[in-house]
Amino acid sequence: MAAIGASIRLAAGGSPFSRRRTATRYGGIQKRGRFFAVSTETVGRGTGFGENEKVVKKTMNQKTVKEETEVKPKIYANPEELPEFEEDKKLLKDYFEECKEIIRSDGGPPRWFSPLECSSSTSPDCPLLLFLPGIDGTGLGLIMHHHKLGKMFNIWCLHIPVQDRTPFNELVKLVETAIRSENFRSPNRPIYLVAESLGACIALSAAARNPNLDLVLVLSNPATSFSKSQWQTLIPLLDIMPDQFPLNLPYMLSLPTGNPLTMLMDNAVKSGLLPQTIEDLSRNLATLSMYLPVLADILPRETLRWKLNLLKSGAAYANSCLHAVKAQILILCSGRDLLLPSQEECQRLQKALPDCEIRKFEGSGHFLFLEDNVDLVTTIKAAAFYRRGKQFDCVSDYVPPTPCEFRKVHESIRWILSATGPVMLSTLEDGKVVRGLEGIPSEGPVLFVGYHMLMGFEIVPLVAQLLMERNILVRGIAHPMIFVKPKGGYLPEMDPSNFDIFRLMGSVPVSGASFFKLMSSKSHILLYPGGAREALHRKGEEYKLFWPEKTEFVRMAARFGAKIVPFGVVGEDDIAEIILDYDDQVKIPWRREEIERITKQFPKARADASGEVANQQMYLPVMLPKFPGRFYYYFGKPILTEGMKEELRDKEKCDELYLRVKSEVEGCIDFLKRKREKDPYRNLFSRVLYQASRPGSTSPFHIPSFDI
């Protein structure tokens, strides 16, 4: 690998970021399969990389984001057999190896480079992503994420050579020039700035100086807290300590951690890759220790002194202009950052910035992007921060979970599946009821309409099994609280990260526009007409439907010729015993005020609705968990609406079909309530014994139940 490229100046209306796939091949250098295209933007000093530098373009199979949005057949069937890591993902050792190469013949001013290993997989409609490095300055901090980011973004990384002494304000101008040029070229697309530590200060400063640009900032452990960190005290030490004293980066890392290998070893332990034998452990330790000199080469003593002063000035500058930042911001916060007080700083920044969310990584250290268990793409997708236009589009901007992502989702919900042992029945076109989901139509649009259990726990097995068994990704229509930041900020009990799994798996905010887009894209849509009123029902209201009077979903389904699949679900008469419901809590003055305050913070899901479902108050019932029962799902015969568009213009006909769907759902619930009485494995203990006696049958979906 070598850093290779040509000087490309930024001009009005032109950007080096737009020319990556049209560069002429002049020859090139290849080493260990690594390729770079480099664009040098002058910073008032020198003209760039040099006349003898070369451009290399790697030929790859063309892929687009459209292909990424397609769910490939049968890849989710066995979650345990799905790969743990994405194909072509690079490792920590690759970071060190490529750092060695990129600094070997380093020189010149700061420059942009693009990892061409993922360039040709990028769609022309993808937004630009600029990576701003931390104190290392190599620009390789996202190396473990290039393989996934390249399918969604046009990636360019900033490289600051080891001997470069560009001041902070000039680095900000470099980034500022790049984002203005890109905005001129593509004014309707957002520009992503992904940055860590020092780079986060640069990103915030550039955003403050350009409040009218559509910027999305993803910041890892921002160094805006530099004045409160241990690194602040190192600046005078570097000035007075003799040159023989080992004040380089490996030594600095050992000050807070006690061992420069701690971060590397913790990474292995958390990822479950710690060798089981002493021989393997010794070999890996020797490999890791071999890379410590690379850190000293990346940040020798004088460079470290310069970077610490750069951090100091950068943090001061960024903090002074936080009030001017209007960008959409996602801050990634490490729980074990021993170099910066990141947790406290993230909380401070969230209060200071108008459009800011936080995601916490409790077990991670300062170098978040170099940890195996951190997936930047998944985090961006789950936070609903990925968009290609001015506004987030729930259909065109959605990227389905990869097999690796679904494996992690499945691992996180496995306890729910084991505790509930779901039984799923469906109805064929001839009316025959069968075990499994064979009766679910494959081609959309399909509208699932059903009953919402207490707290909505039934969604988890439903979405998971449809994806595993039928390769159907269900797009659930959800309350806007999952997507919209509440007025006045988030409450502790309303942490937005709690809903990340729903956004990752395709939930969309409830609205007529969302419903229309999903129907237009022929999706499989999950709708609960009873909404939050059913999910947060009162005592004695188990399996009671609270549907609105309006019949709009029927008309919309007929407009697109959708198949309506009514379904019912029953559990152990809900999953818990309600101790204090809404009626009880509003009798407590302070609790009533709290419920009203929380409800006002979120937009109304059904502002035009009437009856029980209108103006639903947002509260959490006080519950006593029950011994886990079993969940039963029954999908009725699909109701075909194709050709009924004109007929359903008649209000009476529309009401008739609406009541038919409601009656079918109630019938499904009654059917399951009767049948479950004959299930010998209704009790959790009997299901555990069944699985224990049959080691090969581990899936909770395969446990027998009643005769149909």
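Keep in mind it's a predicted model, so treat the numbers as computed, not measured.
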Looking at K522, I'd like to know if its NZ atom is crowded, meaning that more than 12 non-hydrogen atoms belonging to other residues, nucleotides or ligands lie closer than 6.0 Å.
no
Point-to-point distance, once rounded to the nearest 0.5 Å, from CZ of F153 to CG of L129:
5.5 Å
Any chance CZ of F515 has more than 12 other-residue heavy atoms, nucleotides or ligands included, within less than 6.0 Å?
yes
Which heavy atom in E371 sits nearest to a heavy atom in F367, and how many Å separate them?
CG-O, 3.5 Å
Pair I331, L349 - check side chain to side chain contact (heavy atoms under 4.5 Å, CB included), show working.
CA-CA 9 Å; I331 299 181; L349 291 175; 3.7 Å; yes
Between the main-chain N or O of P509 and the side-chain N or O of S514, is there a donor-acceptor pair closer than 3.5 Å?
yes
For the side chain of Y95 and the backbone of M144, is there at least one donor-acceptor N/O pair under 3.5 Å apart?
no
Can you see whether Y192 engages N154 through a side-chain donor-acceptor pair at a distance of less than 3.5 angstrom?
no
Below 4.5 Å, heavy atoms only, C-beta onward: do F448 and L462 meet side chain to side chain?
no
Crowded around K89 NZ? As in, over 12 foreign heavy atoms under 6.0 Å?
yes
Do the non-hydrogen side-chain atoms of F361 and R336 ever get within less than 4.5 Å of each other?
no
Looking at every heavy atom in both C126 and Y386, which two are closest together, and how far apart are they?
SG-OH, 4.1 Å
Tell me whether E362 at atom CD has more than 12 heavy atoms from other residues, nucleotides or ligands lying less than 6.0 Å away.
yes
Donor-acceptor check, side chain of N210 to backbone of A207, threshold 3.5 angstrom: yes or no?
no
Do H366 and E196 get their side chains close enough for a donor-acceptor pair, meaning under 3.5 Å?
no
Applying salt bridge (Lys or Arg N to Asp or Glu O under 4.0 Å), name anything that partners D214, two or more places apart in sequence or on another chain.
R387
What's the spacing between I179 CD1 and L128 CG if we round to 0.5 Å?
10.0 Å
Where do K563 and E443 land on the salt bridge (Lys or Arg N to Asp or Glu O under 4.0 Å) test, with the steps shown first?
CA-CA 9 Å; K563 308 171 188 69; E443 295 185 6; 5.9 Å; no
Between the main-chain N or O of E80 and the side-chain N or O of N78, is there a donor-acceptor pair closer than 3.5 Å?
no
For I440 and R470, work out which heavy atoms get closest and say how close.
O-NH1, 2.7 Å
Side chains of L158 and F113: does their closest heavy-atom pair fall under 4.5 Å?
no
To the closest 0.5 Å, what do you measure between CG (N212) and CG (N183)?
9.5 Å
Check C99, P133, P115, C157 against L140 for a side-chain contact (heavy atoms from CB on, under 4.5 Å) and give me the one that passes.
C99
With a 4.5 Å limit on heavy-atom distance, are the side chains of M481 and M618 in contact?
yes
Could you list the residues that satisfy salt bridge (Lys or Arg N to Asp or Glu O under 4.0 Å) with E345, not counting sequence neighbours?
R348
Given 3.5 Å as the limit, does a donor-acceptor pair link the side chain of S507 with the main chain of R503, or not?
no
Rounded distance [0.5 Å steps], OG in S523 versus CD1 in I472
11.5 Å
Shortest non-hydrogen separation from F631 to P461 and the atoms involved:
CD2-CG, 4.3 Å
Is there a side-chain contact between L217 and L330 in this structure, where contact means two heavy atoms from C-beta onward sitting under 4.5 Å apart?
no
Quick one: do the N221 and S334 side chains pair a donor with an acceptor below 3.5 Å?
yes
I want to know whether Y528 and Y451 have ring centres closer than 6.0 Å.
no
If we only count heavy atoms from C-beta on, is the F385 to Q328 side-chain gap below 4.5 Å?
yes
Is the shortest heavy-atom distance from the side chain of S364 to the side chain of V374 under 4.5 Å?
yes
Least distance between heavy atoms, L219 atom then A203 atom
CD2-CB, 4.0 Å
N/O donor to acceptor pairs below 3.5 angstrom from side-chain atoms of residues 404-412, sequence neighbours left out:
unit_1: E405; atom_1: OE1; unit_2: K381; atom_2: NZ; d: 2.8
unit_1: E405; atom_1: OE1; unit_2: T402; atom_2: N; d: 2.9
unit_1: E405; atom_1: OE2; unit_2: K148; atom_2: NZ; d: 2.9
unit_1: E405; atom_1: OE2; unit_2: T378; atom_2: OG1; d: 2.6
unit_1: E405; atom_1: OE2; unit_2: K381; atom_2: NZ; d: 3.3
unit_1: R407; atom_1: NE; unit_2: E411; atom_2: OE2; d: 3.2
unit_1: R407; atom_1: NH1; unit_2: L82; atom_2: O; d: 2.4
unit_1: S412; atom_1: OG; unit_2: V409; atom_2: O; d: 2.6

From CG (L339) to CG (D337), nearest 0.5 Å
5.5 Å
If you look at every heavy atom in P401 and L504, which pair is closest and at what distance?
CD-O, 3.8 Å
Kindly determine whether R388 and D125 satisfy salt bridge (Lys or Arg N to Asp or Glu O under 4.0 Å), including the steps that lead there.
CA-CA 7 Å; R388 301 184 186 92; D125 296 329; over 6 Å; no
N-O pairing of K93 and E97 below 4.0 Å
no
Between the main-chain N or O of I155 and the side-chain N or O of S114, is there a donor-acceptor pair closer than 3.5 Å?
yes
Within this structure, what is the CD1-CG distance for the pair I143 and L92, rounded to the nearest 0.5 Å?
9.5 Å
Verdict with supporting geometry, L332 and K360, side chain to side chain contact (heavy atoms under 4.5 Å, CB included):
CA-CA 6 Å; L332 312 182; K360 297 180 180 179; over 6 Å; no
If you define the side chain from C-beta out and look only at heavy atoms, does anything of I525 sit under 4.5 Å from V474?
no
May I ask you to decide if F369's main-chain N or O and H145's side chain share a donor-acceptor pair within less than 3.5 Å?
yes
Main chain of S396, side chain of D393: is a donor-acceptor contact present, judged purely on distance under 3.5 Å?
yes
